[in-house]
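The structure under discussion appears below in the form of C-alpha cells.
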Amino acid sequence: MKRLKPILFLLLFPLFIALVGCRTQQVTMVPIVNSPSPDTTVLPTFPAEVLYVLGARWEADSTVQQETTIAEYIEQELIRLYPEKAYPGYVQRLCLVADKLLVSSVQRPTLFAPKQHEIRFSSASSSSGGMLYGVLDSLSMQDELQMLELTPQEKGDWFRLQTLINSDLPLTREAFDTLNISYFEEENMLLTLLLWRGPRLFYRVMQSKARAEKLAYYYYGEATNNGRPGDAFKHIYVNVLLRTYVGEWLSHAIMDVFWEWKSPNAPCDHYMDLHNNIIGRQTRYEEFTTIDTQCTDMRHWLQWGENVQHFIQDSVNGDFQVWDKETPTFIVEPAAQKVSDMQYIYWGK
C-alpha cells in the first residue's frame, strides 16, 4: 500500500492541475462591472425636459413636499436617473455658483429677491377683453397656455410631458429618451430658476429658447453662429420672448449671466451677444412687439420673429466688425461699446 500512494499521486496530479486550471479560467472570465463615479468637480448639464418634469412632479405631490424640499427631491432623482453625472451636493453647489454670478454681475440682486410684481403678457387677451397681467405664477393653466400660444406640435410635446408628471410610475431614462422633443437643450444653471421660481416659469424659458432656435433655422438655415446675422437674430429674438414671458430682469440673468457662463465664448462672440441681447429686451423691444392688426390670425410670437428678421435684413441696422475668434478683448470690448445700442453687431458673413 505504501508503494501505491506515490503512484496514485502521480496519476491523479495531472487531473488535479486540470481541474484547478478550469476553475481559474472560469473565475477570470467573469466580467467586472465598475459602478459610476461622477466627477464632483464639475457642474454637469441635464435635459431641460427632465428638470421640468421633476420640478412639476414635486409641485403636484403634497406628500412628497412634506417629506423633502424641491432641491433635495430633484437631486435625489438626478442621482437615480444619471448616476454617472449627478452627485450629492450638486444642487447646493450650483445654487452657490448662481448666487455669486448674479451678485458679481453689475451688482444685480440675487434671485432670492422678491418676485417682480407684474409682467405684461401682450400675446393674448383675457376673457374680459383686456391685456393679461399677473405675477409670474398667478395665471390659471388655461390662461398660461393661451398666453404661450402653443402650436399643435408644441401642445403635443406639452401634453406628453404632463403625462409623465401625472403618472404614478417611477420615471426612467427610457421614458425621457423616447420623448424625442427637439430643441430642448441640456441645462444646469437654469435649474436654479426652477428651484426659486417654479416649473411654470422654467417651461416658459425652455419654450422661448426652443422657438428662437426653430425660427433662426427657418430664416437662416445653418448660418446661426460664428457672428453671422442669423446669430444676431437668435439672440435678439430670444430676449424679446424672455422679456415678455419672464420679465426684463430675469432675461438679463438668463442670457447675460447664466448663458454666457455656461458657454464660454471668444471675445468676439461674448461682446456681440451682450450687445444684441440688450437690443432685444430693451432698446428695440417695444418696436419688435408691435402687432400688425392686419395679421390677427398669426401667433404674436411669430410676428415678433418676423419683425426681428426684417430688422436684421435691413443693412442700415447692422454694424459689421472686423473680428475673428482670435481678436483679443482689449480690441473687441471698446469697439462694441462704440456701436449704437439701436444697431446690432455681427462679425461673420
Side-chain angles (χ1 to χ4, degrees), residues 34-116 135-137 161 164-165 170-173 175-176 184-206 208-209 242 246-247 249-265:
N34 294 321
S35 59
S37 53
D39 184 352
T40 58
T41 65
V42 300
L43 293 172
T45 59
F46 299 94
E49 58 269 31
V50 174
L51 300 177
Y52 168 69
V53 168
L54 292 178
R57 268 205 169 193
W58 180 89
E59 188 178 63
D61 194 330
S62 58
T63 302
V64 174
Q65 292 177 23
Q66 294 174 0
E67 297 173 351
T68 182
T69 66
I70 184 173
E72 293 168 342
Y73 174 77
I74 289 178
E75 183 175 281
Q76 292 167 6
E77 287 294 280
L78 288 178
I79 292 173
R80 181 179 66 83
L81 292 168
Y82 300 92
E84 77 282 5
K85 294 202 296 183
Y87 52 85
Y90 164 73
V91 172
Q92 181 182 14
R93 184 164 175 257
L94 192 70
C95 292
L96 289 173
V97 172
D99 200 42
K100 289 179 180 178
L101 284 173
L102 290 169
V103 169
S104 63
S105 173
V106 201
Q107 297 183 343
R108 297 274 181 165
T110 71
L111 283 182
F112 293 109
K115 294 181 180 180
Q116 292 172 264
V135 181
L136 293 176
D137 55 0
L161 291 173
L164 285 180
I165 293 167
L171 295 172
T172 64
R173 284 177 71 159
F176 288 109
F184 281 175
E185 301 174 345
E186 292 208 345
E187 302 290 353
N188 53 9
M189 298 304 292
L190 289 189
L191 172 56
T192 59
L193 298 180
L194 172 60
L195 299 178
W196 298 328
R197 298 301 180 101
R200 183 175 293 188
L201 178 140
F202 188 79
Y203 187 85
R204 296 180 191 177
V205 176
M206 288 168 54
S208 296
K209 293 178 70 174
L242 289 174
V246 303
W249 179 81
L250 280 179
S251 302
H252 159 79
I254 293 165
M255 296 304 299
D256 289 12
V257 183
F258 290 171
W259 185 252
E260 290 299 316
W261 179 86
K262 173 189 171 184
S263 305
N265 286 321

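This chain uses plain numbering: 1 for the first residue, then up along the sequence. Keep in mind that this is a model prediction, so the values were computed, not measured.
Separation of atoms CD (Gln76) and OG1 (Thr68) is listed at 5.0 Å; rounding is to 0.5 Å. For the atom pair Asp256 CG and Ser251 OG, the distance stands at 9.0 Å (nearest 0.5 Å). Taken to the nearest 0.5 Å, the CZ atom of Arg80 stands 6.0 Å off from the CG atom of Leu171.
Atom CD of Gln65 sits in a crowded spot, with more than 12 heavy atoms from other residues, nucleotides or ligands closer than 6.0 Å.
At least one side-chain heavy atom of Phe184 sits under 4.5 Å from a side-chain heavy atom of Leu161. The shortest distance between side-chain heavy atoms of Met206 and Leu51 does not fall below 4.5 Å. In this structure, the side chains of Trp261 and Val97 come closer than 4.5 Å at one or more pairs of heavy atoms. When side chains are defined from C-beta on, Leu250 counts as touching Arg197, because their heavy atoms get closer than 4.5 Å. Using a 4.5 Å cut-off on side-chain heavy atoms (C-beta onward), Glu84 and Pro38 make no contact. The shortest distance between side-chain heavy atoms of Asp61 and Tyr73 does not fall below 4.5 Å. Residues Glu187 and Val205 are not in side-chain contact: their nearest non-hydrogen atoms beyond the backbone lie 4.5 Å or more apart. A heavy-atom distance below 4.5 Å is found between the side chains of Pro199 and Leu194.
For the pair Glu75 (side chain) and Pro88 (backbone), a donor-acceptor distance under 3.5 Å is absent. At distances below 3.5 Å, not a single donor-acceptor pair connects side-chain atoms of Trp58 with backbone N or O atoms of Glu72. In this structure, Arg57 contributes its side chain and Ile74 its backbone to no donor-acceptor pair below 3.5 Å.
Here the closest non-hydrogen pair linking Phe258 and Leu190 is CD1-CD2, 4.0 Å. For the residue pair Thr45 and Lys85, the shortest heavy atom distance occurs at O-NZ, 2.6 Å. The two atoms that bring Met189 and Leu101 nearest to each other are CE-CD1, 3.7 Å, heavy atoms only. Minimum interatomic distance between Asn265 and Glu260 (heavy atoms only, all atoms of both residues): ND2-OE1, 3.3 Å. In terms of heavy atoms, Leu43 sits closest to Asn188 at O-ND2, 3.0 Å. Considering all non-hydrogen atoms of both residues, Arg93 and Thr40 come closest at NH1-O, 3.8 Å.
Ring orientation note: the planes of Phe202 and Tyr52 are close to parallel, at an angle under 30° on the 30°/60° scale.
Aromatic ring centres of Tyr90 and Tyr82 lie farther apart than the 6.0 Å criterion allows.
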